[in-house]
Amino acid sequence: METVTITLVLLLAVVASGIFLRVLPFPVPRPLFQIVLGAAIGLFADLRVSLDPEIFFLLFLPPLLFLDGWRIPREELFKDRIIIVELALGLVVVTVAGMGLFIHWLVPAMPLAVAFALAAIVSPTDPIAVSAIANRVPIPKRMLHILEGESLLNDASGLVCFRFAVAAALTGTFSLGDAVLNFVWVALGGLAVGTFVTLTITRAKDWVSERFGEDTGSQILISLLIPFACYLLAEHLECSGILAAVAAGVTMSFAESRGRVMAVTRVRRSTVWDTIQYAANGIIFVLLGEQLPAIVSRAAETVSQPGQHEITWLILYAVAITAGLAALRFTWVWLSLQLTLLRRRDRTTSPSWRIVAAMSCAGVRGAVTLAGVLTLPLTLNDGSPFPARDLAISLAMGVIIVSLLVATFGLPLLLRGLELPPEPSQQAEEDAARIAAAEAAIAEIGRLLSQTADQGKDADLYVAAASQLTDLYHRRIERRSAEGDSAETAQRSDRIEREMRLAALNAERAEIFRKVRRRQLGSETARRLVREIDLLETRYAG
């Protein structure tokens with residue numbers, strides 16, 4: 001019962017955060033507000049969440065990383081693959097080396113191996129935190145895609161470095177060759193597992209659906225189980241379960257492009273995944289806040305020095321580490337962009353310092369950092385307590401909060417009024433696709449009409465229906481093919497038509513609900529009619 005109660009309280013806190021943020025007269029970042037709610041639960045409620053890192057990783061990371069990999073634009077990910085790899089791999093290694101030495105110098109109470117472990121676990125940015133920030137801050141699309149791609153891939157390199165730093169703390173030895181080989185196996189194995197399992201499951205699912213029919217509920221449940229299957233199998237093979245979940249999501253986007261799933265399944269599945277994403281993201285930040293009071297209280301004694309206030313020094317250490325991470329990230333991003341321009345032989349331009357600063361500021365840490373640092377062992381091999389464990393956990397939590405604050409309040413200032421290189425418009429691509437789809441629809445209508453020419457008394461009905469539909473598609477082709485002033489007029493016409501359709505749909509829905517309240521219409525019929533109107537409204541409102 002206690003577990004159920006804790007789960008319900010966490011979900012209630014997520015719901016409350018959404019309500020309170022709409023009520024407050026000033027904007028507050030949702031992640032920070034949820035952390036505050038979690039801290040209040042940890043301080044005042046008689047509830048204690050024993051956060052098992054392995055369970056935490058298993059419950060939250062696979063579905064969220066799978067969804068991010070599923071929905072991230074594949075073309076954008078491939079276009080900026082070099083920068084993403086440089087950030088996801090090179091920056092992590094540089095951060096571990098540089099920040100490990102810096103943390104050991106800054107906090108002498110922390111042994112060097114533990115400092116390297118802390119540097120490793122705060123090196124990867126968090127895709128969940130990046131997505132949460134992007135929902136509030138208007139980050140340019142290309143920058144956002146680079147940040148998302150980096151955060152999806154750098155967890156494996158950070159966790160491998162963390163694992164070897166902990167092993168060095170336990171044994172006092174370190175092997176660079178073993179670390180490199182282990183990283184290659186962890187990364188490539190995780191990617192292979194995610195790709196293979198997803199392709200196998202989707203092909204089997206499509207085969208069953210084609211021969212025996214498709215069940216929407218089963219399709220949705222399969223999509224929910226895929227990331228967990230990939231994660232568990234990869235972890236069993238001692239590969240990266242995180243990269244397996246990411247690879248599964250990217251593979252899922254390729255598999256879905258075959259169009260084998262029914263429309264109603266896609267609509268319902270998208271709704272289910274949106275709900276899971278909202279709830280899981282919120283619970284993660286509430287859990288971060290709930291763990292905060294206990295972590296800080298345990299770490300206060302570790303940093304206590306004569307005449308110094310413990311909490312103050314924890315905050316200063318966290319700020320200094322975050323500043324060091326930002327400085328390293330700024331330098332690496334600037335160098336990466338310079339090398340990219342050099343490869344393109346574009347020596348006439350130079351990346352704006354504000355763009356580089358925004359990329360550095362957006363390096364948010366989150367759930368991966370906290371869950372990873374909580375896996376620090378309690379004792380050394382000789383049975384003595386693991387040195388500075390609570391201090392490392394506290395500083396990791398501090399870096400998470402400070403990086404969230406910096407990104408939330410710093411990104412809008414850096415991006416305000418910033419003139420970015422124009423991003424290529426996708427309007428021409430969209431127009432061409434709509435024209436091609438309309439032409440295919442007209443051809444199919446003609447084919448059906450020729451097949452039903454001898455339908456007797458229904459022949460005229462077929463001809464009339466075909467005429468109406470082809471007129472609709474021809475108007476769409478004319479609007480999308482227009483150029484110059486005609487194109488502008490077509491866009492205004494589309495906007496006016498959309499406004500009128502939305503107003504008409506609202507009137508339809510209001511009338512149906514009015515009939516339900518007057519008991520002139522059954523609830524089941526009303527539900528079906530309202531769903532049709534809602535789907536149409538979603539189409540035109542989008």
Side-chain angles (χ1 to χ4, degrees), residues 51-54 56-57 89 91-124 154-187 235 238-242 291 294-305 310 313-314 317-318 320-322 324-325 328 365 367-400:
L51 193 58
D52 186 334
E54 293 185 358
F56 181 88
F57 272 124
L89 179 57
L91 180 56
V92 169
V93 175
V94 171
T95 300
V96 173
M99 290 305 300
L101 296 173
F102 176 74
I103 292 172
H104 179 62
W105 170 82
L106 181 69
V107 190
M110 183 175 291
L112 183 60
V114 181
F116 278 120
L118 177 58
I121 205 60
V122 298
S123 60
N154 61 9
D155 295 322
S157 52
L159 290 174
V160 168
C161 293
F162 174 75
R163 183 184 306 171
F164 275 90
V166 172
L170 293 174
T171 64
T173 60
F174 173 75
S175 172
L176 180 60
D178 290 344
V180 172
L181 290 176
N182 184 264
F183 172 76
V184 171
W185 168 249
V186 165
E235 290 294 318
E238 297 185 355
C239 303
S240 172
I242 290 176
Q291 299 289 307
I295 290 173
V296 172
S297 63
R298 289 198 304 266
E301 183 178 351
T302 308
V303 296
S304 60
Q305 302 176 19
E310 295 83 354
W313 281 97
L314 278 177
Y317 288 154
I321 294 172
T322 306
L325 290 169
L328 271 177
R365 275 69 184 177
V368 173
T369 293
L370 180 65
V373 79
L374 288 175
T375 62
L376 284 172
L378 296 174
T379 61
L380 297 174
N381 290 340
D382 59 4
S384 59
F386 193 89
R389 182 181 187 273
D390 291 332
L391 176 57
I393 295 174
S394 298
L395 293 178
M397 174 70 80
V399 169
I400 294 171

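Positions are given from 1 along the sequence. Note that this is a predicted model, so its numbers are computed, not measured. Only heavy atoms go into these numbers, but all of them, side chains included; no hydrogens, no water, no symmetry mates.
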Asks: Heavy atoms, side chains only, cut-off 4.5 Å: are S123 and N154 in contact?
Replies: no
Asks: To the nearest 0.5 Å, what is the distance between CG (D390) and CG (L395)?
Replies: 11.0 Å
Asks: Specify the closest pair of heavy atoms between L112 and G100, including all atoms of both residues, with the distance to one decimal.
Replies: CD1-O, 4.2 Å
Asks: In residues 369-376, what donor-acceptor pairs under 3.5 Å come from side-chain atoms, sequence neighbours left out?
Replies:
unit_1 : atom_1 : unit_2 : atom_2 : d
T369   : OG1    : I121   : O      : 3.0
T375   : OG1    : G372   : O      : 2.4

Asks: Could you check if a side-chain atom of L170 sits within less than 4.5 angstrom of a side-chain atom of P377, using non-hydrogen atoms only?
Replies: yes
Asks: Which atom names give the shortest non-hydrogen contact between P387 and V114, and what distance separates them?
Replies: O-CG2, 3.7 Å
Asks: Please examine the side chains of V122 and M99, heavy atoms only from C-beta on, and report whether any two atoms are closer than 4.5 Å.
Replies: no
Asks: Quick one: closest heavy-atom pair of A115 and H104, and the distance?
Replies: CB-N, 3.8 Å
Asks: Any side-chain to backbone donor/acceptor pair from T95 onto L91? Under 3.5 Å, distance only.
Replies: yes
Asks: Kindly indicate whether the side chain of L380, heavy atoms from C-beta on, has any atom under 4.5 Å from the side chain of F386.
Replies: yes
Asks: Would you call F183 and L89 a side-chain contact if the rule is heavy atoms closer than 4.5 Å?
Replies: yes
Asks: Any side-chain heavy atom of L325 sitting closer than 4.5 Å to one from R365?
Replies: yes
Asks: Heavy atoms, side chains only, cut-off 4.5 Å: are L101 and F116 in contact?
Replies: yes
Asks: Identify the heavy atoms of L106 and A320 that sit nearest to each other, and give their distance.
Replies: CD2-CB, 3.8 Å
Asks: Which atom pair, heavy atoms only, marks the closest approach of A109 to A388?
Replies: O-CB, 4.1 Å
